[in-house]
Asks: 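Supplied in structure tokens, the structure appears directly below.
Chain identifiers are assigned alphabetically (A, B, ...) following the order of the sequence lines, protein sequences preceding nucleic acid strands; residue numbering begins at 1 within each chain.
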Protein chains: 2
Amino acid sequence: MTRKVTIRDVARRAGVSVGTASRVINGSGNVAAELRQSVERTIIEIGFQPNSAAQSIRSGTSRTIGLLVSDIRTLRLAHLVRGAQTELERAGYGVFIACHENDREREAQALQFLSRRRIDGLIHSNCNDRETEGDATAPGMAVPTVVYDRDGPEHADLVQIAHDAGIRQAVEYLAGLGHRRIGLITGPGFMYPARSRIEGLRAALSDAGLPFEPRNVSATSFGEAFVDVSNMITRPDRPSAIILGGASMLGGALRAIRAQRLEIPRDLSLVAAGDSELAQLATPAITVVRWDMEEIGRACATALLSRIKTPDAPRRRLLVDPELVVRGSCAALAANLRAAAAE
Amino acid sequence: MTRKVTIRDVARRAGVSVGTASRVINGSGNVAAELRQSVERTIIEIGFQPNSAAQSIRSGTSRTIGLLVSDIRTLRLAHLVRGAQTELERAGYGVFIACHENDREREAQALQFLSRRRIDGLIHSNCNDRETEGDATAPGMAVPTVVYDRDGPEHADLVQIAHDAGIRQAVEYLAGLGHRRIGLITGPGFMYPARSRIEGLRAALSDAGLPFEPRNVSATSFGEAFVDVSNMITRPDRPSAIILGGASMLGGALRAIRAQRLEIPRDLSLVAAGDSELAQLATPAITVVRWDMEEIGRACATALLSRIKTPDAPRRRLLVDPELVVRGSCAALAANLRAAAAE
DNA sequence: TTGTACGCGTTATCAA
DNA sequence: TTGATAACGCGTACAA
């Protein structure tokens with residue numbers, strides 16, 4: 001176990017003062033060329049590494065960003081994280097990743113943990129954006145914050161997906177195929193995405209001259225896709241097309257559809273909001289509304305970096321427009337009816 | 001921007017010395033009940049959070065673990081990370097995640113970065129375990145280290161998958177189905193998994209009384225699965241069964257097989273080493289040799305924690321046995337031949 | 001241009 | 001049991 005090597009060791013060995021050594025290390029102030037070289041050589045020789053904790057305590061900045069999401073095992077969040085990470089590391093920041101797993105308590109703990117680490121900024125995807133009062137009182141929340149795809153607290157910058165616009169694209173596409181009863185199954189209403197999607201559905205249906213039917217909308221808890229889809233597709237007046245809000249629902253939805261012996265797209269058209277490996281690999285491949293999580297991660301990072309640079313700038317909101325990717329899970333309604341009648 | 005609140009603020013406001021405040025905060029030493037309560041109340045009132053950088057600089061320990069893998073966008077690595085993270089957080093450690101993306105330079109940079117942060121331990125999955133001499137000289141490598149699924153440097157503890165045993169299970173299963181020409185396609189030989197798999201194949205074939213044919217083994221770079229599989233299955237004496245080493249190869253392999261208009265399992269049996277969503281969802285579902293990445297992440301964490309506790313304990317090696325999960329991608333050879341003849 | 005010395009927030013030692 | 005104070009490693013104001 002070698003004892004740690006400090007800037008004093010460098011100074012002593014190079015025959016200079018710690019001040020000079022520090023100036024060489026940070027490139028601040030002028031240092032004679034010969035001394036500089038001597039110090040630089042010494043640093044390499046004895047393998048000196050500045051202690052970032054000491055730097056942090058001295059400078060009041062930790063060069064660390066906190067990144068708090070539900071779970072990096074979710075592929076799209078892993079992509080978000082990587083996008084943010086590359087951008088932040090490029091700027092010299094380290095990234096502390098924490099997962100709240102949609103548990104308010106865990107989230108609070110993580111926030112407190114990050115606060116003790118004196119993070120310089122936070123990228124946060126809350127697990128509940130309707131009750132952020134807890135966070136407001138939470139210590140360390142005055143830190144520059146970018147909230148991803150949630151309605152964050154007052155002081156935070158926002159990076160959000162325009163889910164309403166995505167739903168609109170899906171509805172226009174489906175309406176163009178002749179569908180008149182379009183269902184939406186999405187997550188719980190205490191998070192921005194679900195609210196935005198429902199709003200988008202309402203507007204898009206109205207524009208298409210179609211009625212908004214509350215029974216064709218299901219906004220409940222996660223992981224219940226099987227149940228929600230089953231309920232919706234077993235009704236006699238079931239929708240002929242369903243929009244699935246949330247990529248994590250696709251598995252359950254497909255199982256439900258299969259269990260009812262419905263065939264996609266013959267008996268039911270399906271659009272998923274959010275791309276996934278499953279959507280690409282399913283047969284038929286699922287038509288989706290998608291956005292690039294890695295790019296969004298980078299966007300969160302740059303937003304945060306500029307917020308850190310100019311803390312008093314007005315609050316910003318970045319809205320990312322999704323893109324419709326047509327694959328094989330939707331059929332024109334006429335064909336749909338024909339096939340159904342032929343059975 | 002509220003000024004940071006320090007332990008001195010707590011002490012002053014509670015009317016005690018910083019020493020007493022510190023003792024209350026850390027639960028070290030005895031403090032009179034009334035003083036303790038007063039301090040505790042004050043801490044909550046003014047929202048004091050110990051500055052972990054200062055704690056670190058004082059105690060010489062950062063309560064931080066570095067976790068260096070190729071890429072958390074790989075689902076199984078995300079699982080490993082979460083497993084390790086939960087275990088380490090439970091023990092009061094924060095986890096600094098870095099990705100080297102199989103680039104030696106990035107890896108060195110990450111190592112240096114983590115070293116400056118004075119991590120107390122490292123969980124590392126090297127991108128090349130045949131040239132670790134660079135790491136040895138790298139500063140900060142004296143830190144307690146657990147290497148995952150690589151042949152790490154001398155001082156590191158090892159957590160490895162028994163890939164050889166996994167291949168053996170696959171070979172025994174395939175041989176039992178009548179297969180005599182069994183191919184193996186795996187990653188580059190400068191990493192432990194490929195070496196272990198080839199070794200396992202050799203031993204298992206020998207035990208089954210089958211010849212080891214070098215041309216039925218392909219150990220090249222990643223991401224070339226399509227090419228490697230194509231080459232192997234277009235040969236006139238192609239194997240009747242292929243073992244795929246590395247879950248990331250499955251996509252390319254399936255495309256290659258499809259491109260040759262071979263049908264699984266009729267024309268070709270397939271076993272994948274490493275489970276994946278794709279393996280479960282493909283039709284037919286792919287028979288795999290699998291292991292639980294989250295459990296392994298936890299194992300890495302506990303190994304590291306005990307290493308930190310007892311730095312001088314002898315080097316340990318944990319070998320995890322894979323498990324064969326039979327699904328639908330393998331057929332008895334007889335049926336295979338019959339079908340082929342009927343074409 | 002260089003060196004000295006102080007302070008960052010904390011813990012630990014030592015006297016009281 | 002409590003308080004005063006030294007140290008941890010570093011950056012920087014100030015003096016030389």
Asks: For a 4.5 angstrom cut-off between non-hydrogen side-chain atoms, does Val320(B) reach Glu295(B)?
Replies: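 Of all side-chain heavy-atom pairs linking Glu295(B) with Val320(B), none is under 4.5 Å.
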Asks: My understanding is that only one of Arg150(B), Arg315(B), Arg317(B), Arg307(B) makes a salt bridge (charged side-chain N to carboxylate O under 4.0 Å, His left out) with Asp157(B); could you say which?
Replies: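 Among Arg150(B), Arg315(B), Arg317(B), Arg307(B), the one meeting salt bridge (charged side-chain N to carboxylate O under 4.0 Å, His left out) with Asp157(B) is Arg307(B).
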Asks: Any side-chain N or O of Ser22(B) below 4.0 angstrom from OP1/OP2 of dT11(C)?
Replies: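 So the side chain of Ser22(B) is within the cut-off, an N or O lying under 4.0 Å from OP1 or OP2 of dT11(C).
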Asks: Roughly, in whole Å, what's the span from CG in Asn26(A) to P in dG9(D)?
Replies: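 So the CG-P distance, Asn26(A) to dG9(D), works out to 17 Å.
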Asks: Apply salt bridge (Lys or Arg N to Asp or Glu O under 4.0 Å) to the pair Arg82(B) and Glu101(A), showing each step before the final yes or no.
Replies: CA-CA 11 Å; Arg82(B) 279 302 289 151; Glu101(A) 292 178 352; 2.3 Å; yes
Asks: Find the distance Arg63(B):CZ to dT10(C):P and express it as a whole number of Å.
Replies: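 For the pair Arg63(B) CZ and dT10(C) P, the rounded distance is 17 Å.
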Asks: Is there a side-chain polar atom (N or O) of Asn30(B) under 4.0 Å from OP1 or OP2 of dT2(D)?
Replies: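 No.
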Asks: Take nucleotides 3-9 of chain C nucleotide by nucleotide from the 5' end and write B, S or -, depending on whether a protein heavy atom sits under 4.0 Å from the base, only from the sugar-phosphate, or from neither.
Replies: BBB-BBB
Asks: Just by distance, no angles: are the side chains of Arg58(A) and Gln55(A) close enough, under 3.5 Å, to form a donor-acceptor pair?
Replies: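 The answer is no; no qualifying pair exists.
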Asks: Round to a whole Å and report the spacing from CZ of Arg117(A) to P of dT10(C).
Replies: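 Rounded to the whole Å, the gap is 14 Å.
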Asks: Checking side-chain contact (heavy atoms from CB on, under 4.5 Å) between Leu304(A) and each of Val146(A), Asp120(A), Thr145(A), Leu67(A), which is the one that passes?
Replies: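 One option only clears the test, and that one is Val146(A).
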Asks: Where does the angle between the aromatic ring planes of His124(B) and His100(B) fall among parallel (under 30°), tilted (30 to 60°) and perpendicular (over 60°)?
Replies: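 The arrangement is perpendicular - the two ring planes meet at more than 60°.
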Asks: Figure out the CZ/P separation between Arg12(B) and dA4(D), and round it to whole Å.
Replies: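 Checked: the CZ to P distance equals 13 Å.
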